[in-house]
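A short write-up of the structure that comes next.
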Amino acid sequence: MGKAGAGKGRSPTPTPSRQDGGATTGGGGGAAAPTATGGTTGAGRSTLHANKTILKTVSVFLASGKRNSSNQQSKAAAAALQNKRQQRQRRMDELSGKVNPKLLDSLRKKTRFTKDELDALCRIYRKLVSNCQYAAKTLASSSSSAAIAKPHAAVEGIDRIVFRELLHSTFDIVTEEILMERIFCSWDKAHEGLPLRLEGWLIGLSTFLRGTPAERAAFCFRVYDLNTDGFITKDEMFTLLRNCLIKQPQDEDPDEGVKDLVEIVLKKFDLDKDGKVSLEDFMGTVTAEPLLIEAFGQCLPTDSAVVSFFSTLQV
């Protein structure tokens, strides 16, 4: 009875369920593994997701860069093509004697010609260029001259030969070869020595025919500055004056007379006494004595030639 009573009075030891056991023994090593495994898997997925995001961002950035580069190249190519077309159209307009409104307005501001005078001068330019092209074709047709003519066949503008003939026949410029060449090279300040294009031809002609005393004096100075160093030296004076003077057969040493003349002229023009004539020296001397503007040779048209030229424009 005692044992039975004791057995009856003792509470039976509860048998933990599997679910309770999992919760109860959670602090032991057996339950730690699932938790650690689950955390590792989540971190791996997060890392993979982050990598995919980075790769996607980089891909988008690279694609955007390629598109921008492609767009810039396309814009640059389009601009270059447009510029090439405009240059081609400008050359065609020059050869046909036409002037687009914008260029015409610009030329009216840069020159002293009226609109009608500019139109007439453009027609003259067209004729002069045609003469140059005809001369080039004539030279090219000769087998002996083909090698000489070939480099100039594609050049557009007024060349030296036609320009010199124009100076001689139209503007009564009778001077030595060296001055003819210097007038041609000094005509258009922006492109010395190149065949004259329409704008350079008109701007130079404006100074040549209607320039102010200061503009014409500056033009003459450029002509006389043979080596374009900004000064007229004694050697340049000697070359210019020697070519201008007529030698007398009885003179034993004509160069001595030229040297004496150079010293006289130098004293007249060299205002700062540095042994050479600068632009400032030349302008100061010519302003005081305008007749000395062509002291080293003719490079401006006569007044009668200017009047005659404008009368032929018929405007």
Side-chain angles (χ1 to χ4, degrees), residues 112 160 163-164 166-168 170-194 196 200 203-307 309:
R112 291 182 171 83
R160 286 170 168 82
F163 180 80
R164 293 175 186 178
L166 177 71
L167 290 184
H168 178 70
T170 304
F171 299 117
D172 295 336
I173 301 292
V174 182
T175 188
E176 296 293 327
E177 176 69 16
I178 187 172
L179 270 183
M180 281 289 194
E181 175 65 15
R182 287 299 306 148
I183 293 173
F184 178 76
C185 292
S186 303
W187 192 270
D188 181 9
K189 292 186 294 184
H191 303 286
E192 290 190 4
L194 296 177
L196 295 174
I203 293 175
L205 197 63
S206 177
T207 299
F208 192 67
L209 299 177
R210 287 181 174 166
T212 64
E215 290 173 340
R216 288 158 69 91
F219 171 73
C220 291
F221 180 85
R222 291 200 307 272
V223 172
Y224 300 145
D225 182 13
L226 302 182
N227 62 356
T228 65
D229 66 347
F231 298 95
I232 305 175
T233 62
K234 292 175 67 173
D235 290 340
E236 288 172 330
M237 293 180 193
F238 179 85
T239 300
L240 292 167
L241 294 175
R242 187 175 187 275
N243 289 330
C244 293
L245 297 177
I246 301 176
K247 297 180 182 179
Q248 299 298 327
Q250 65 272 18
D251 291 343
E252 295 181 359
D253 189 3
D255 288 352
E256 287 300 321
V258 177
K259 291 179 181 178
D260 293 339
L261 182 58
V262 167
E263 292 298 330
I264 295 173
V265 173
L266 181 62
K267 290 180 181 179
K268 190 70 175 179
F269 279 88
D270 186 15
L271 301 182
D272 57 6
K273 308 302 178 183
D274 62 350
K276 53 188 176 182
V277 178
S278 65
L279 176 61
E280 291 74 15
D281 292 336
F282 189 85
M283 298 293 285
T285 302
V286 171
T287 300
E289 300 186 47
L291 293 178
L292 293 177
I293 191 171
E294 294 181 280
F296 302 104
Q298 183 187 7
C299 52
L300 293 172
T302 61
D303 293 339
S304 59
V306 173
V307 173
F309 177 75

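Keep in mind it's a predicted model, so treat the numbers as computed, not measured. Reckoned from all heavy atoms, side chains included, excluding hydrogens, waters and symmetry mates. One-based numbering along the sequence shown.
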If we ignore hydrogens and angles and just use 3.5 Å, is the side chain of Glu236 paired with the main-chain N or O of Leu226 as donor and acceptor? yes
Geometric class of the Phe171/Phe309 ring pair [parallel <30°, tilted 30-60°, perpendicular >60°]: tilted
Which pair of heavy atoms, one from Gln298 and one from Asp172, lies closest together, and at what distance? NE2-O, 3.1 Å
Acceptor/donor pairs from residues 282-297 side chains to any protein atom, 3.5 angstrom cut, sequence neighbours excluded:
| unit_1 | atom_1 | unit_2 | atom_2 | d |
| --- | --- | --- | --- | --- |
| Thr285 | OG1 | Asp281 | O | 2.9 |
| Thr287 | OG1 | Met283 | O | 2.6 |
| Glu289 | OE2 | Lys268 | NZ | 2.6 |
| Glu294 | OE2 | Cys299 | N | 2.8 |
| Glu294 | OE2 | Leu300 | N | 2.9 |

What pair of heavy atoms forms the shortest contact from Val306 to Pro301, and how long is it? CG2-CG, 3.7 Å
So which heavy atom on Gly211 is nearest to which on Arg112, and how close? CA-NH1, 4.1 Å
Check the pair Thr207, Glu215 against side-chain contact (heavy atoms from CB on, under 4.5 Å), reporting the backbone distance first and the verdict last. CA-CA 6 Å; Thr207 299; Glu215 290 173 340; 4.1 Å; yes
Strictly by modelled atom types, are Ser206 and Arg210 linked by a side-chain donor-acceptor pair under 3.5 Å? no
Starting at CD of Glu177, measure out to CG of Asn243 and round the result to the nearest 0.5 Å. 10.0 Å
For Thr212, which residues count as a side chain to side chain donor-acceptor pair (under 3.5 Å) partner, sequence neighbours excluded? none
Evaluate the side-chain proximity of Glu181 to Arg164: yes if any heavy-atom separation is below 4.5 Å, no if none is. yes
Arg216: what forms a salt bridge (charged side-chain N to carboxylate O under 4.0 Å, His left out) with it, not counting sequence neighbours? none
Spacing of Met237 atom CE and Lys234 atom NZ [to the nearest 0.5 Å]: 9.0 Å
Lys267 atom NZ, neighbour heavy-atom count above 12 within 6.0 Å: no
What's the separation between atom CZ in Phe163 and atom SG in Cys185, rounded to the nearest 0.5 Å? 9.5 Å
Leu179 vs Leu240, test: side-chain contact (heavy atoms from CB on, under 4.5 Å). Steps then yes/no. CA-CA 8 Å; Leu179 270 183; Leu240 292 167; 3.8 Å; yes
Please list, chain by chain and in numerical order, all residues satisfying salt bridge (charged side-chain N to carboxylate O under 4.0 Å, His left out) with Glu280, sequence neighbours excluded. none
Non-neighbouring partners of Thr302 that pass side chain to side chain donor-acceptor pair (under 3.5 Å), sequence neighbours left out: Ser304
Please report the closest heavy-atom contact between Arg242 and Val258, naming both atoms and the distance. N-CG1, 4.0 Å
Could you go step by step and tell me if Phe231 and Leu279 meet the side-chain contact (heavy atoms from CB on, under 4.5 Å) rule? CA-CA 7 Å; Phe231 298 95; Leu279 176 61; over 6 Å; no
Give, for atom CG of Asn227 and atom CZ of Arg182, the distance between the pair rounded to the nearest 0.5 Å. 8.5 Å
Distance-only, no hydrogens or angles: does the Asp270 side chain make a donor-acceptor pair with backbone N or O of Asp274 under 3.5 Å? yes
Could you tell me which residues satisfy ring pair (Phe, Tyr, Trp, His ring centres under 6.0 Å) with Phe238, sequence neighbours excluded, listed by chain and number? none
Nearest 0.5 angstrom please: Leu196 CG to Ile203 CD1, how far? 11.5 Å
Using atom types as modelled and distance alone, determine if a side-chain donor or acceptor of Asp225 lies under 3.5 Å from a backbone N or O of Phe221. no
Distance, nearest 0.5 Å, that separates CD1 of Ile183 from CZ of Arg160: 13.0 Å
Judged by atom type as modelled, is there a donor-acceptor pair below 3.5 Å linking the side chain of Asp303 to the main-chain atoms of Val307? no
Leu241 vs Val262, side-chain contact (heavy atoms from CB on, under 4.5 Å): CA-CA, chis, key distance, verdict: CA-CA 8 Å; Leu241 294 175; Val262 167; 3.9 Å; yes
